[in-house]
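The block underneath contains the structure these notes are about, expressed in structure tokens.
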2 protein chains.
Amino acid sequence: MANGRAHTWQDIHERIKRNIINLTWPPGELIPGEVELAQEYGCARTTVNRALRELAATGVVDRKRKAGTRVAKQKTRQVRAEIPVIRTQVEAQGAAYRFQLLENKIKQPSKAIAKTLNIKASEVALHIRSIHYADELPFIYEDRWINVKTIPKIKQVDLAQTSANEWLVQHVPFTSGEFVIQAQNTNKKLAMALGLSVDEAILTSTRTTWLESKSVTTVTLKYSPGYQMHFEI
Amino acid sequence: MANGRAHTWQDIHERIKRNIINLTWPPGELIPGEVELAQEYGCARTTVNRALRELAATGVVDRKRKAGTRVAKQKTRQVRAEIPVIRTQVEAQGAAYRFQLLENKIKQPSKAIAKTLNIKASEVALHIRSIHYADELPFIYEDRWINVKTIPKIKQVDLAQTSANEWLVQHVPFTSGEFVIQAQNTNKKLAMALGLSVDEAILTSTRTTWLESKSVTTVTLKYSPGYQMHFEI
DNA sequence: AAGTGGTCTAGACCACTGA
DNA sequence: CAGTGGTCTAGACCACTTT
């Protein structure tokens with residue numbers, strides 16, 4: 001490790017990244033080809049390839065056949081977050097978790113929901129509303145619709161015992177999903193439910209997931225005021 | 001392609017993923033080892049390894065030496081988004097972009113900002129405030145502090161021409177960063193600046209970036225009401 | 001047409017970690 | 001200590017793009 005010869009792809013990865021951070025290779029610059037780097041670093045081309053592939057995956061470089069590898073002219077920055085199950089999130093704060101089921105009924109959804117779930121307006125879906133508490137304080141208000149055609153098993157689950165949030169995450173795989181965040185003012189009904197005053201600013205997230213071409217569920221979570229969502233860059 | 005033998009890692013990746021979605025291999029299940037899968041699919045172990053590595057990276061499976069590969073019991077869901085430069089974001093909506101520099105001054109920051117930038121309370125930093133417009137409507141209010149010790153070059157940039165947002169993204173690399181989102185009510189000052197009424201709910205994001213152990217910049221963006229931030233799962 | 005990245009292979013050795 | 005994933009190598013062929 002002390003000498004100059006590095007053989008792991010992580011070492012190569014770091015060397016190249018350092019050259020980019022140093023601005024030895026500034027944005028837009030064409031960096032040496034894989035064979036050349038392999039010679040320079042004294043390793044196989046495959047190893048250099050692995051290092052460069054990781055850098056490309058995180059957007060640090062752009063690669064094109066024949067054109068070569070260039071340091072990316074950052075046009076966007078990627079942000080990422082791990083969204084845990086609500087119970088885990090509450091318990092991670094050292095608070096006691098509890099949730100209360102307000103509604104659990106199969107019925108006809110609004111046109112907007114039917115469209116989101118891609119079901120006919122005449123079809124039914126499972127509507128669930130609940131409040132999640134942290135140390136007996138309202139933390140999140142959940143309004144969820146589940147496509148029972150996709151997930152018929154949900155009807156046999158006791159959703160007063162296990163929250164739909166948790167059961168779905170653990171038992172239902174999905175192939176794609178969307179997650180939208182916005183700020184909203186509390187209305188009278190929500191303010192009452194969460195014990196807030198009207199017109200407070202709260203963060204809301206709407207998540208919709210799909211299994212192949214069939215919708216699974218769409219859920220809107222309304223967080224208590226002051227809630228912060230953290231991401232990594 | 002028409003026959004059953006697949007040789008690319010993407011094909012192997014998809015076959016395995018399908019077995020997981022099918023619940024052929026339910027959450028928690030131990031799936032066959034790399035050598036076994038390589039035999040079954042008629043390819044090299046390296047290729048299976050590549051496929052499984054991608055699945056592990058996206059959290060679909062958990063891998064441990066000796067213990068083998070298991071289908072992940074999803075405890076978290078990862079969400080991702082590409083955050084573009086503000087100008088690009090506005091122009092992507094088909095709107096005309098313009099920004100107005102409200103302040104551009106080197107001065108002593110508040111204690112909170114000094115702490116965030118990890119500089120002494122007596123040191124100075126560059127304070128920038130501006131408004132970004134979409135079709136002449138206020139879109140984002142920006143409040144930024146730049147660590148001039150880390151980025152001395154910033155002093156030579158005409159920030160009335162090129163927004164700090166854009167210049168930094170294109171010219172300054174970073175090694176890590178944090179991104180925090182929350183909902184806030186507009187105060188009187190902000191309402192005036194953006195032409196809003198008081199107490200409207202707006203989304204704010206605060207981003208802080210680092211170059212090795214030195215802070216680069218911390219910026220708070222306040223989006224106009226109704227703004228939605230989209231993520232992929 | 002030629003150059004560069006993308007990937008596959010077969011074999012080898014290493015590094016963890018569970019039994 | 002033995003089994004499984006993690007990685008490296010050398011060579012080969014392929015696929016995409018730019019020239």
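Numbered from 1 within each chain, the chains take letters A, B, ... in sequence-line order.
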Contacts under 3.5 angstrom, residues 215-222 of chain B side chains, donor-acceptor by atom type, not counting sequence neighbours:
from, atom 1, to, atom 2, distance (Å)
B:S215, OG, B:L117, O, 2.6
B:S215, OG, B:N147, ND2, 2.9
B:T217, OG1, B:R144, NH1, 3.3
B:T217, OG1, B:W145, O, 2.8
B:T218, OG1, B:T208, OG1, 3.0
B:T220, OG1, B:T206, OG1, 3.2
B:K222, NZ, B:Q184, OE1, 3.1

How many Å lie between [atom1] on [X] and [atom2] on [N], as a whole number?
{"X": "A:R70", "N": "C:dG5", "atom1": "CZ", "atom2": "C1'", "value": "14 Å"}
{"X": "A:R50", "N": "C:dT7", "atom1": "CZ", "atom2": "P", "value": "12 Å"}
{"X": "A:N49", "N": "D:dT7", "atom1": "CG", "atom2": "C1'", "value": "14 Å"}
{"X": "A:R63", "N": "C:dG3", "atom1": "CZ", "atom2": "P", "value": "18 Å"}

Residues 49-59 of chain A side chain polar contacts: donor-acceptor under 3.5 Å, at least two apart:
from, atom 1, to, atom 2, distance (Å)
A:N49, OD1, A:R53, NH2, 3.4
A:N49, ND2, A:E34, OE2, 2.8
A:R50, NE, A:E54, OE2, 3.1
A:T58, OG1, A:E54, O, 3.2
A:T58, OG1, A:L55, O, 3.2

**Item:** Qualifying residues under side-chain contact (heavy atoms from CB on, under 4.5 Å), relative to A:E82, sequence neighbours excluded
**Value:**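 Residues passing side-chain contact (heavy atoms from CB on, under 4.5 Å) with A:E82: B:T76, B:Q78.
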**Asked** Would you say C:dT7 has OP1 or OP2 under 4.0 Å from some side-chain N or O of B:Q10?
**Response**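 Looking at the OP1 and OP2 atoms of C:dT7, one of them is under 4.0 Å from a side-chain N or O of B:Q10.
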**Request:** Determine whether the side chains of B:Q182 and A:Y227 contain a donor N or O and an acceptor N or O closer than 3.5 Å.
**Result:**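 No donor-acceptor contact under 3.5 Å links the two side chains.
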**B:D143-B:H127 side chain donor-acceptor pair, cut-off 3.5 Å** =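 Yes, a side-chain donor-acceptor pair sits under 3.5 Å.
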**Request:** Only counting residues at least two apart or in another chain, list the ones meeting side chain to side chain donor-acceptor pair (under 3.5 Å) with B:Q93.
**Result:**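 If we apply the side chain to side chain donor-acceptor pair (under 3.5 Å) test to B:Q93, skipping adjacent residues, there are no hits.
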**Prompt:** In this structure, are over 12 heavy atoms from other groups packed under 6.0 Å from B:Q39 atom CD?
**Reply:**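 Not buried by this count: 12 neighbours or fewer within 6.0 Å.
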**Message:** Does B:E232, at its CD atom, have more than 12 non-hydrogen atoms belonging to other residues, nucleotides or ligands within less than 6.0 Å?
**Reply:**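 Incorrect, the count does not exceed 12.
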**Asked** Which of residues 51-61 of chain B sit near DNA chain D, with a heavy atom under 4.0 Å from it?
**Response**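 When residues 51-61 of chain B is checked for heavy atoms under 4.0 Å from DNA chain D, there are no hits whatsoever.
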**DNA chain D contacts made by residues 24-40 of chain B, counting heavy atoms under 4.0 Å** =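 Within residues 24-40 of chain B, the residues near DNA chain D are B:G33, B:E34.
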**Request:** With sequence neighbours excluded, give me every ring-ring contact (aromatic ring centres under 6.0 Å, His included) pair touching residues 54-100 of chain B.
**Result:**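 As it turns out, the ring-ring contact (aromatic ring centres under 6.0 Å, His included) pairs with a partner in residues 54-100 of chain B, which skip direct neighbours, are B:Y97-B:H132, B:F99-B:H132.
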**Item:** ring-ring contact (aromatic ring centres under 6.0 Å, His included) contacts touching residues 46-80 of chain A (sequence neighbours left out)
**Value:**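 Passing the test, one end in residues 46-80 of chain A: no pairs.
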Could you list the donor-acceptor pairs under 3.5 angstrom formed between side-chain atoms of residues 17-28 of chain B and any protein atom two or more places apart in sequence or on another chain?
from, atom 1, to, atom 2, distance (Å)
B:R18, NH2, B:E14, OE2, 2.5
B:N22, ND2, B:R18, O, 3.3

**Prompt:** Given axes from five pairs at either end, by how many degrees does the helix from C:dA1-D:dT18 to C:dG18-D:dC1 bend, rounded to 10°?
**Reply:**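 Overall, the helix from C:dA1-D:dT18 to C:dG18-D:dC1 bends by 20° from one end axis to the other.
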**Item:** With sequence neighbours excluded, residues passing salt bridge (Lys or Arg N to Asp or Glu O under 4.0 Å) with B:E91
**Value:**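 Counting only residues at least two positions away or on another chain, B:E91 forms a salt bridge (Lys or Arg N to Asp or Glu O under 4.0 Å) with B:R87.
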**Request:** Salt-bridge test for A:R98 and A:E136: reply yes if a basic N is under 4.0 Å from a carboxylate O, no otherwise.
**Result:**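 Salt bridge flag = yes for A:E136 with A:R98.
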**Item:** Under 4.0 Å protein heavy-atom contact, by nucleotide of nucleotides 9-19 of chain D - B base, S sugar-phosphate only
**Value:** BB-B--BBBB-
